[in-house]
Amino acid sequence: MGYLLLAGAILCEVAATTAMKYSEGFTRLWPSLLTAGGYIVCFALFARALKTLEVGTAYAIWAGAGTALIALIGMVFLGESVTPARLAGTALVIGGVVLLNLGGAH
């Protein structure tokens, strides 16, 4: 259940960050409300996930997956540049999360 809550937190955080891009500095109402609501739900789900998951593992997955997804959304849907360096950086973030999780297994 903890990983399901964590996945929900990641998706809400990614949706909130994407909405923030469209809020134009919080000058547009609906994207601004989606941003605020998304982060509230995100942190509520993340807090619930931490009841059963180790904080280091959960945070590494949350931060890494969120960063990688936002980078990919930017490149695929928002017209941000796709360069070998950006792709490699995204792969390194994902690889780092995998290594952190493998290193923590007993």
Side-chain angles (χ1 to χ4, degrees):
M1 187 64 165
Y3 285 105
L4 187 60
L5 291 166
L6 182 59
I10 292 165
L11 293 175
C12 287
E13 188 264 336
V14 168
T17 301
T18 304
M20 189 185 303
K21 171 71 174 169
Y22 291 103
S23 76
E24 296 180 15
F26 295 112
T27 60
R28 296 182 62 215
L29 178 63
W30 292 112
S32 298
L33 291 176
L34 280 171
T35 299
Y39 280 119
I40 289 168
V41 173
C42 165
F43 284 116
L45 292 172
F46 189 62
R48 295 274 317 272
L50 290 179
K51 287 184 175 184
T52 58
L53 301 176
E54 293 181 2
V55 69
T57 300
Y59 191 78
I61 294 169
W62 181 60
T67 300
L69 285 171
I70 286 296
L72 292 172
I73 286 170
M75 288 184 272
V76 174
F77 297 108
L78 301 176
E80 296 178 3
S81 62
V82 180
T83 65
R86 289 191 80 182
L87 294 173
T90 303
L92 286 170
V93 167
I94 294 167
V97 170
V98 170
L99 279 175
L100 280 170
N101 285 302
L102 290 176
H106 289 52

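Everything numeric here is computed off the predicted structure, so don't read it as measured data. Atom set for the values below is all heavy atoms of this structure, side chains included, hydrogens, waters and symmetry mates excluded.
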>> Do Met20 and Leu29 sit in one hydrophobic cluster, given that two such residues count as connected whenever their side-chain heavy atoms are within less than 4.5 Å of each other, even indirectly?
In response: no
>> Between Leu53 and Met1, is there shared hydrophobic-cluster membership here, with clusters defined by ILVMFWY side-chain heavy atoms closer than 4.5 Å?
In response: no
>> Give me the atom names and distance for the closest heavy-atom approach of Pro31 to Ala19.
In response: CB-O, 3.5 Å
> Going by the side-chain hydrogen bond (donor to acceptor under 3.5 Å, both in side chains) test, which pairs reach into residues 69-94, not counting sequence neighbours?
Replying inline: Glu80-Arg86
>> Please determine whether residues Leu72 and Tyr22 belong to a single hydrophobic cluster, defined as Ile, Leu, Val, Met, Phe, Trp and Tyr linked transitively by side-chain heavy-atom distances below 4.5 Å.
In response: no
>> Within the structure provided, determine whether Leu87 and Met75 are in side-chain contact (heavy-atom separation under 4.5 Å).
In response: yes
> Which heavy atom in Ala58 sits nearest to a heavy atom in Leu6, and how many Å separate them?
Replying inline: O-CD1, 3.9 Å
> Which pairs count as salt bridge (charged side-chain N to carboxylate O under 4.0 Å, His left out) when at least one residue sits in residues 64-74, sequence neighbours excluded?
Replying inline: none
>> Could you check whether any side-chain heavy atom of Leu78 comes within less than 4.5 Å of a side-chain heavy atom of Lys21, counting everything from C-beta outward?
In response: yes
> Is there a side-chain contact between Tyr3 and Thr57, using heavy atoms and a 4.5 Å cut-off?
Replying inline: yes
> Nearest 0.5 Å, what's the CG-OG1 distance between Leu92 and Thr67?
Replying inline: 12.5 Å
>> With clusters defined by side-chain heavy atoms of hydrophobic residues (ILVMFWY) lying less than 4.5 Å apart, directly or transitively, does Ile94 cluster with Ile73?
In response: no
>> If the condition is ring-ring contact (aromatic ring centres under 6.0 Å, His included), which residues does Phe46 pass it with, not counting sequence neighbours?
In response: Trp62
> Measuring from Leu5:CG to Leu50:CG, what's the distance to the nearest 0.5 Å?
Replying inline: 10.0 Å
> How far apart are the closest heavy atoms of Ile10 and Ala65, and which atoms are they?
Replying inline: CD1-CB, 3.9 Å
>> Testing Val98, Val97, Leu100 one by one against Ile61 for a side chain to side chain contact (heavy atoms under 4.5 Å, CB included), which residue passes?
In response: Val97
> What's the spacing between Thr35 OG1 and Ile40 CD1 if we round to 0.5 Å?
Replying inline: 11.0 Å
> Nearest 0.5 Å, what's the OG-CG distance between Ser23 and Leu34?
Replying inline: 10.0 Å
> Are more than 12 heavy atoms from other residues, nucleotides or ligands located less than 6.0 Å from atom OH of Tyr39?
Replying inline: yes
>> Within the structure provided, determine whether Phe43 and Glu13 are in side-chain contact (heavy-atom separation under 4.5 Å).
In response: no
>> For a quick test of reading the model, state the closest non-hydrogen atom pair linking Leu45 to Cys12 and the distance between them.
In response: CD1-SG, 4.1 Å
